[in-house]
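The next block holds one structure in the form of structure tokens; read it before the comments.
Computation of the quantities below employed the complete heavy-atom set of this structure, encompassing side-chain atoms and omitting hydrogens, waters and symmetry-equivalent molecules. Just so it is clear, the structure is predicted and the values come from calculations on it, not from any experiment. Naming: A, B, ... by sequence-line order, numbering from 1 per chain.
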Number of protein chains: 2
Amino acid sequence: MPKLVANDIAIALKKRISLGEWLENGRMPPERDLASEFGVARNTVRRAVGMLEDDGTVVRHVGRGTFLTAGNPDSMAATVARMEGTSPADMMEIRQLLEPAAASFAATNASAGELNAVREAHKIACASQDMPTFEHWDAEFHHRIFACSRNDFLKEIHNLMRILRNQRPWFEMKKRSFSEERRATYCSEHQLVLDALLARDSEGASAAMLTHLRTVERNLLGR
Amino acid sequence: MPKLVANDIAIALKKRISLGEWLENGRMPPERDLASEFGVARNTVRRAVGMLEDDGTVVRHVGRGTFLTAGNPDSMAATVARMEGTSPADMMEIRQLLEPAAASFAATNASAGELNAVREAHKIACASQDMPTFEHWDAEFHHRIFACSRNDFLKEIHNLMRILRNQRPWFEMKKRSFSEERRATYCSEHQLVLDALLARDSEGASAAMLTHLRTVERNLLGR
DNA sequence: TATAAATGGTTCACTATTGGATCAGGTAGC
DNA sequence: GCTACCTGATCCAATAGTGAACCATTTATA
């Protein structure tokens with residue numbers, strides 16, 4: 001068993017909170033109890049709980065205790081926590097709404113340098129030989145398109161999606177669905193997107209992106 | 001068995017990272033552990049990890065450890081923090097992408113009870129006399145439409161937008177833009193959305209919502 | 001009401017862990 | 001032999017965890 005450090009304890013606590021523990025009165029056990037339960041010093045628990053406090057999962061009161069805020073469905077922290085549990089199918093549906101739009105914006109707004117960055121990512125992805133490298137530059141290709149959409153909010157939503165896609169359920173899925181043939185398909189579809197972007201054809205970029213995402217969805221979800 | 005050199009170890013590590021290892025807390029084992037696991041000297045591991053660091057797969061901190069840059073649990077919070085700074089114009093642009101889709105989904109998927117809840121919110125909003133009450137039920141109307149879209153990710157994105165819209169710059173803006181005339185406009189536009197939902201007309205719902213959002217954008221941003 | 005217990009907040013000295021850096025050797029391939 | 005690489009070892013610097021004590025506030029109890 002790996003040694004527990006503050007960060008691990010913070011993660012363990014978050015998990016237990018998200019599983020509904022301590023929900024009946026919204027109160028966490030005293031730090032001293034948690035310390036003995038995890039078998040670490042109270043200082044360590046304090047740092048872990050401090051992390052939860054920092055991201056708004058919890059509030060502390062001297063003499064009273066530590067209380068969950070996650071019970072409040074309107075908190076940022078609770079919203080993000082719930083997002084981590086959304087299904088790949090739901091996310092793919094939203095990607096198909098947002099990414100074609102991002103491609104369309106990019107076709108209109110991108111600078112020549114930004115488009116060049118997109119082309120670079122595409123080139124490296126196509127040339128890559130192993131799955132991790134391809135994964136990375138594939139993601140980078142999509143990211144750079146969002147980056148030239150000139151809409152900060154859209155960029156951040158994509159960031160959220162990217163983070164979620166790097167977590168558990170997605171990983172298994174991507175691993176299963178990867179094959180040399182699919183990689184080639186993705187490359188040619190990316191090429192069509194890129195061509196439309198370079199031609200400043202926003203409708204074409206949008207359509208090409210949608211086609212690509214439908215392929216991805218089919219591969220990932222097996223439909 | 002060929003002898004392991006730093007490059008081999010870098011490749012092995014990358015592979016294990018790409019397969020999702022160490023993803024739960026984003027932390028790699030200490031170099032000394034990796035060295036004994038691979039059966040090589042720590043210097044060799046150091047060079048391998050150095051390669052991962054060079055291509056950005058990993059960051060190292062003296063005394064703390066080596067951490068994956070993807071799946072970094074902090075970046076979620078950072079992303080949300082950046083979102084708080086996005087401009088109303090950018091968010092309105094994205095609302096015009098997502099809300100018509102949500103309305104369309106709702107027209108298809110909502111249960112009779114859910115549609116009733118939407119109607120209730122609409123009715124109270126129309127009947128309300130003061131700005132805070134109207135604001136609340138107006139938001140609730142939109143929220144309940146998302147609630148019957150049957151896409152959890154979409155719902156949570158809307159939640160994020162709602163939280164952001166209740167913060168500073170938006171509040172001032174909404175206060176400035178409020179007028180009795182506009183309230184009446186919103187009510188009649190909501191009515192059109194509601195009618196389409198009740199008629200299970202997904203295209204109509206989408207179009208009515210888009211029209212409404214364009215009105216809101218004009219009023220808020222003064223265009 | 002007065003007192004005690006519970007609980008989070010703070011600090012301190014000490015130890016353990018971990019990445020950073022360097023050096024003198026050994027080994028394999030050209 | 002030359003070169004490139006790995007080995008084994010040592011020391012350094014930064015960070016984290018330990019255990020303990022004491023404080024401030026709140027809550028329960030006599």
### Query
Between residues 41-57 of chain B and DNA chain D, which residues have a heavy-atom gap below 4.0 Å?
B/A41, B/N43, B/T44, B/R47
### Query
Are a donor atom and an acceptor atom from the side chains of B/N151 and B/S149 found within less than 3.5 Å of each other?
no
## Note on the structure
Of C/dG9, D/dA16, C/dG19, the nucleotide closest to the side chain of B/V62 is C/dG19
#### Entry: Nearest to side-chain heavy atoms of A/R64, which nucleotide of D/dT27, D/dT15, C/dG8
D/dT27
### Query
In terms of ring plane angle, is the pair A/H61 and A/F67 parallel, tilted or perpendicular, where the classes change at 30° and 60°?
tilted
### Query
Is any side-chain N or O of B/T66 closer than 4.0 Å to OP1 or OP2 of C/dT18?
no
### Message
Under the criterion salt bridge (charged side-chain N to carboxylate O under 4.0 Å, His left out), I'd like the reasoning laid out for A/E84 against A/K14: C-alpha separation, chi angles, the key distance, then a yes or no.
### Response
CA-CA 12 Å; A/E84 297 193 1; A/K14 262 197 178 169; over 6 Å; no
### Query
Roughly how many Å is it from CZ in B/R32 to P in C/dA16, rounded to a whole number?
14 Å
### Donor-acceptor side-chain pairing of B/E120 and B/N116 below 3.5 angstrom
no
### Message
Are there over 12 heavy-atom neighbours, none belonging to A/E181, within less than 6.0 Å of that residue's CD?
### Response
no
#### Entry: Residue whose closest nucleotide on DNA chain D lies nearer the 5' end, B/V40 versus B/H61
B/V40
#### Entry: Parallel, tilted or perpendicular: ring planes of A/F141 versus A/H122, cut at 30 and 60 degrees
tilted
